[in-house]
Structures are given as structure tokens and as C-alpha cells.
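Heads up: the structure comes next, in C-alpha cells.
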Amino acid sequence: MQTGSIWNRSVLVTGASRGIGKGIARVFARAGAKVLIVARDGRQSEAAAEEITAAGGLATPFTADVTNADQMREAARTAAARHGGLDVLCANAGIFPQAKLEDMKPELWDEVMSTNLKGMFLSVQACVPYLKKSDQGRIVLTSSITGPITGFPGWTHYGATKAGQLGFMRTASIELAKYGITVNAVLPGNIATEGLQGLGDEYLKTMAAAIPLKRLGDVEDIGNAALFLASKEASYITGQTIVVDGGQTLPESLDALAYQA
Ligand code: NAP
């Protein structure tokens with residue numbers, strides 16, 4: 001029988017139908033948590049839940065858009081009703097359509113702000129009433145190295161949201177401390193997701209070569225960091241970030257990257 005501090009806990013993961021969110025859901029379910037999988041495409045969420053259930057975990061799909069306050073309130077209510085309360089929110093849903101600054105349509109800017117920032121805010125606000133009742137209330141945000149640490153052409157809007165998440169986190173962690181709720185963020189580097197596979201092997205190899213650990217991250221690398229931040233053992237950590245990037249942001253020059261002992 002599992003005995004870790006996440007065993008039997010109720011966890012809501014937004015954007016858990018694929019990619020990093022599915023990896024987070026899988027890691028939590030393997031540790032014995034009851035996971036609500038939230039995304040807009042119900043069929044993909046059902047498939048993710050079935051995959052987790054087939055592996056012996058407990059996962060329930062729920063269709064909601066993080067930009068819709070009513071739907072997120074219903075998602076939080078469902079997690080609490082179906083899984084006996086709510087202990088952890090992993091606010092992970094995000095989009096990253098590329099557009100150069102000079103060509104960017106204001107509508108695209110708004111869409112990225114709406115999903116990545118407002119969606120995170122609405123997810124947190126919907127879950128707080130339930131997290132307050134938990135003795136292990138945890139919020140884990142999926143930010144990125146892009147924005148808080150690095151930049152990439154085509155992602156001014158995206159980088160702004162990922163840095164903005166950290167500004168939100170620092171004040172939210174103070175406001176929610178009185179309930180014993182911690183708020184932290186994971187900053188992934190380049191993580192191998194289903195979407196990335198479409199870029200082709202050669203491109204992925206070039207990406208891996210720019211990382212000191214010489215591989216892209218796995219979705220479960222992010223899941224493991226989120227699991228730690230959600231654990232009892234992390235109860236004194238709040239308003240902080242963990243970079244999970246294989247050392248990608250460390251080399252100060254190509255010489256440093258090429259260094260072999
Ligand atoms: P992904 O594979 O495209 O998955 C995105 C997930 O979010 C899907 O489940 C998607 O499902 C859901 N989603 C998108 N918009 C939503 C909305 N309005 N409401 C509810 N769910 C929504 O992306 P990913 O690469 O796993 O990225 C996940 C998070 O990690 C994002 O916050 C991203 O910024 C961050 N990140 C990713 C990387 C990377 O290398 N992949 C690196 C750094 C940070 P539906 O479309 O069905 O709603």
C-alpha cells in the first residue's frame with residue numbers, strides 16, 4: 001500500500017488531456033492521488049483518464065475552458081464532490097501560438113493573455129474555497145523558462161504571460177498563507193510533448209544539443225517537480241520556483257556548452 005503524502009489526495013490538473021499536464025496527472029495518479037483531468041476537448045480528456053485508469057490510477061475527465069469562470073467553478077465543485085474534497089490545484093493549461101511582435105494581431109495577444117493568465121487566475125479562484133478546507137492545500141503553476149529567464153522570437157505575448165504568472169504567484173502566496181495554502185511554480189525548459197514530435201527528429205536533436213544534460217525533458221520530469229511542491233515535505237516552501245530544464249539556461253557561451261570533462 002502507498003503511504004506518501006499525496007496518497008488518496010484530490011488533485012485538479014488543468015490542461016491534463018495531453019502534454020505536460022497529462023504527465024503531471026500520471027505522476028500524481030501513480031502516487032495514489034485522485035485526479036480530475038480538465039481540458040476543453042472531452043474526448044482527449046477521456047482518453048487520458050482511461051490511460052491512467054488502465055495503469056491502476058484514479059482519474060476523472062472533466063470538460064471545461066479555463067477562461068470561463070462558471071465552468072472552472074463547476075470543475076472545482078466536481079473534483080470536491082467526486083474525490084472527497086480538493087487538496088491540490090496544478091494550473092497548467094496554456095497555449096503558445098507563435099507570432100512576431102511586428103505582425104501580432106491584438107486578438108492573438110488577448111487570446112494568449114486570456115488562457116495563460118486569466119485562465120490561471122480563474123482556476124485558482126475557483127479552487128481556493130475547497131483548498132482552504134484541506135490540511136495540505138497546494139497550488140502549483142506551470143510557468144516556463146521563456147519569459148521569467150529567457151526569450152524566444154515569436155513569443156513576446158507568451159513570455160509576458162509566463163513572467164506574469166510569477167508576479168501573480170508572489171502576491172497569491174502571501175494572501176493564501178493564512179489558510180496554509182502554498183503557491184509555487186515549475187519552470188519547464190524544452191519538454192518532449194506530443195506536439196513537439198511533429199517538428200521532426202533533426203530539429204529535436206538540435207534542441208537537445210543546446211542542453212547540458214543533452215536531452216529534452218520528459219513530461220514526468222515536470223510531474224515529479226510538481227509532486228514534490230504538492231507534498232507534505234514541501235509545506236514550508238511558498239512563492240518559489242523550480243527550474244526543470246536540464247541546465248539549458250546555464251551556459252554563458254557556446255564554449256561553456258561544448259565543454260566536455
Ligand atoms: P499542450 O501539449 O498543447 O497541452 C495543452 C493542454 O492545455 C491541453 O490539455 C489543452 O487541452 C489544454 N488547454 C489549452 N487551452 C485551454 C483552455 N482554454 N481551457 C482548458 N484547457 C486548455 O501543451 P504543453 O506543451 O503540455 O504545455 C502545458 C503547459 O506547460 C503550458 O502552460 C505551457 O506554457 C507550459 N510549458 C510547456 C513547455 C514545453 O516544452 N512543452 C515548456 C515550458 C512551459 P484542450 O486544447 O483540449 O483544451
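When reading the values below, keep in mind they use all heavy atoms of this one structure, side chains included, and skip hydrogens, waters and symmetry mates. Start at 1 and go down the list; that is how both ligands and their atoms are numbered. Quantities reported herein were computed from a predicted structural model and do not represent experimental measurements.
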Pairs of donor and acceptor atoms involving the side chains of residues 46-63, under 3.5 Å and at least two apart or interchain, shall be tabulated with distances.
residue : atom : partner : partner atom : Å
Glu51   : OE1  : Lys22   : NZ           : 2.9
Thr53   : OG1  : Ala49   : O            : 2.7
Thr60   : OG1  : His83   : NE2          : 2.8

Ile95: which other cluster members, linking ILVMFWY side chains closer than 4.5 Å, directly or transitively? Val112
Let me have the donor-acceptor pairs involving side chains of residues 150-158, under 3.5 Å, with sequence neighbours excluded, atom names and distances please.
residue : atom : partner : partner atom : Å
Thr150  : OG1  : Ile145  : O            : 3.2
Trp155  : NE1  : Phe96   : O            : 3.1
His157  : NE2  : Pro97   : O            : 2.8

Tell me the closest heavy-atom pair linking Val13 and Gly21, and the distance in Å. CG1-O, 3.7 Å
Protein residues that have a heavy atom under 4.0 Å from any atom of ligand 1, sorted by chain and number: Gly15, Ala16, Ser17, Arg18, Gly19, Ile20, Ala39, Arg40, Asp41, Ala64, Asp65, Val66, Asn92, Ala93, Gly94, Ile95, Phe96, Thr115, Thr142, Ser143, Ser144, Tyr158, Lys162, Pro188, Gly189, Asn190, Ile191, Thr193
Is the shortest distance from a Lys or Arg side-chain nitrogen in Asp221 or Arg215 to a carboxylate oxygen in the other one below 4.0 Å? yes
Would you say Glu252 has more than 12 foreign heavy atoms packed within less than 6.0 Å of its CD? no
